[in-house]
Asker: 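Got a structure here, written out as structure tokens. Questions coming.
Start at 1 and go down the list; that is how both ligands and their atoms are numbered.
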Amino acid sequence: MKKIISIVFIVTSLVAYSQNRAENIIIITTDGFRWQEVFKGMDSTIADNAKFNQGDSTYIFEQYWSNDVNERRKKLMPFLWSVVAGKGQLYGNRTYGNKVDNANPYWFSYPGYNEIFTGFADTSVNSNEFPSNPNTNVLEFLNRQPKLKRRVAAFGAWDAFDRILNEQRSDFPVISAFASCGGKNPTANEKLINAMLKDSYRPFGNEECLDVFTHYEALEYLKTKSPKILYIAYGETDEWAHSGQYRSYLDAGHQVDEWLKNLWNFIQTDSRYKNKTAIFITTDHGRGDKKKEEWTSHNNKIEDSHEIWLAVMGPGITAKGEIRTAMQLYQQQFAQTIAKLTGYTFKADHPIADDIMYLFK
Ligand SMILES: [Zn+2]
């Protein structure tokens, strides 16, 4: 009997060990989506303001309002507050002193994405027009590992991702904005996505497409090319906020939550991914506050727009839900964390901040 027990013990420890790291990881960002909405749901002051509710406060209140904060945030992000909160961890609720911030001093997109992926809050990266990124990103580092070679891909609604991730040097596909997907041999779905993308409405000009295209491009790639490391960058949350359209901002965030659910449902029903895939969800920067009507904007003159958040779920991540202890985390810690989640140590010839794996246990 003793023998059987010890064999069972060894087998279960081996299983536990192998599940301690993710074979695959999907990183998702939704641009400039505030921690305030993630943790507290819709803000009634902004929703009540005729300047921001797009003439339909009835719709947003019916859709997203509850007097109870837990109910309210679940109405906005139902997947995040059921499955991710049940199986994963969420950081950034400042109500409990749980803080996640930009370490870079700029609080806008290119510096934020640089910080997420290079682990280095490089002060020389100071504009959204910044040329191809000289810093090494964790995705290209992973793509250089023999087991991950050609198993890395990125899809972004904004065309700046070609420069942020230095597509030319990085040597993995970065499909952004209106670039067509599928390469030389697109699938039937990719052909349709490309045709619709080309003819689609362009509310954000030629630099950024609607999120729906980026999402379905990435999903098709996931299903047909089996990447081990996939990055999806949604952009509408930031665009609608800049134009002061709170209803569309909430709808975009809600839609991202729905897509997270679809991605997770696919992952957990596909043998290539089931129980061996982690998801890592965050944002590039925060935004201002409702008081000065600054929620629409973000940069280092807009108070609080350095405040961000993080949600994670998957192998090696204990189910702890919303973290309610005081701590200070920084965006620059994400790159090494992404590497460590997949079992690697990210190295580059610039500083890389320490990971936060100790928190996930
Ligand atoms: Zn912005």
Asker: Specify the closest pair of heavy atoms between Y249 and E37, including all atoms of both residues, with the distance to one decimal.
Answerer: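 So the two residues come closest at OH-OE1, 3.0 Å.
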Asker: List for me each residue that meets side-chain contact (heavy atoms from CB on, under 4.5 Å) alongside Q336, sequence neighbours excluded, and say none if there are none.
Answerer: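 Applying side-chain contact (heavy atoms from CB on, under 4.5 Å) to Q336 gives A339, K340, T345, F346, I352, D355.
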Asker: Decide whether a cation-pi geometry holds between R21 and Y344; the criteria are a distance under 6.0 Å from NZ or CZ to the six-membered ring centre and an angle within 45° of the ring axis.
Answerer: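 Checked: cation-pi criterion not met.
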Asker: What about F79 and W259, are their ring centers closer than 6.0 Å?
Answerer: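 Centroid distance F79-W259: not below 6.0 Å, so no.
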Asker: One pair to check against salt bridge (charged side-chain N to carboxylate O under 4.0 Å, His left out): E71 and K74. What are the steps and the verdict?
Answerer: CA-CA 5 Å; E71 282 300 305; K74 204 173 177 179; 5.8 Å; no
Asker: Do the side-chain N and O atoms of N49 and E293 include a donor-acceptor pair separated by under 3.5 angstrom?
Answerer: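 Judged by distance alone, the side chains do pair up.
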Asker: Everything protein-side that's N, O or S and under 2.8 Å from the Zn ion (ligand 1): list it, residue and atom.
Answerer: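 Protein N/O/S atoms under 2.8 Å of the Zn ion (ligand 1): D238 OD1, D238 OD2, H242 NE2, H298 NE2.
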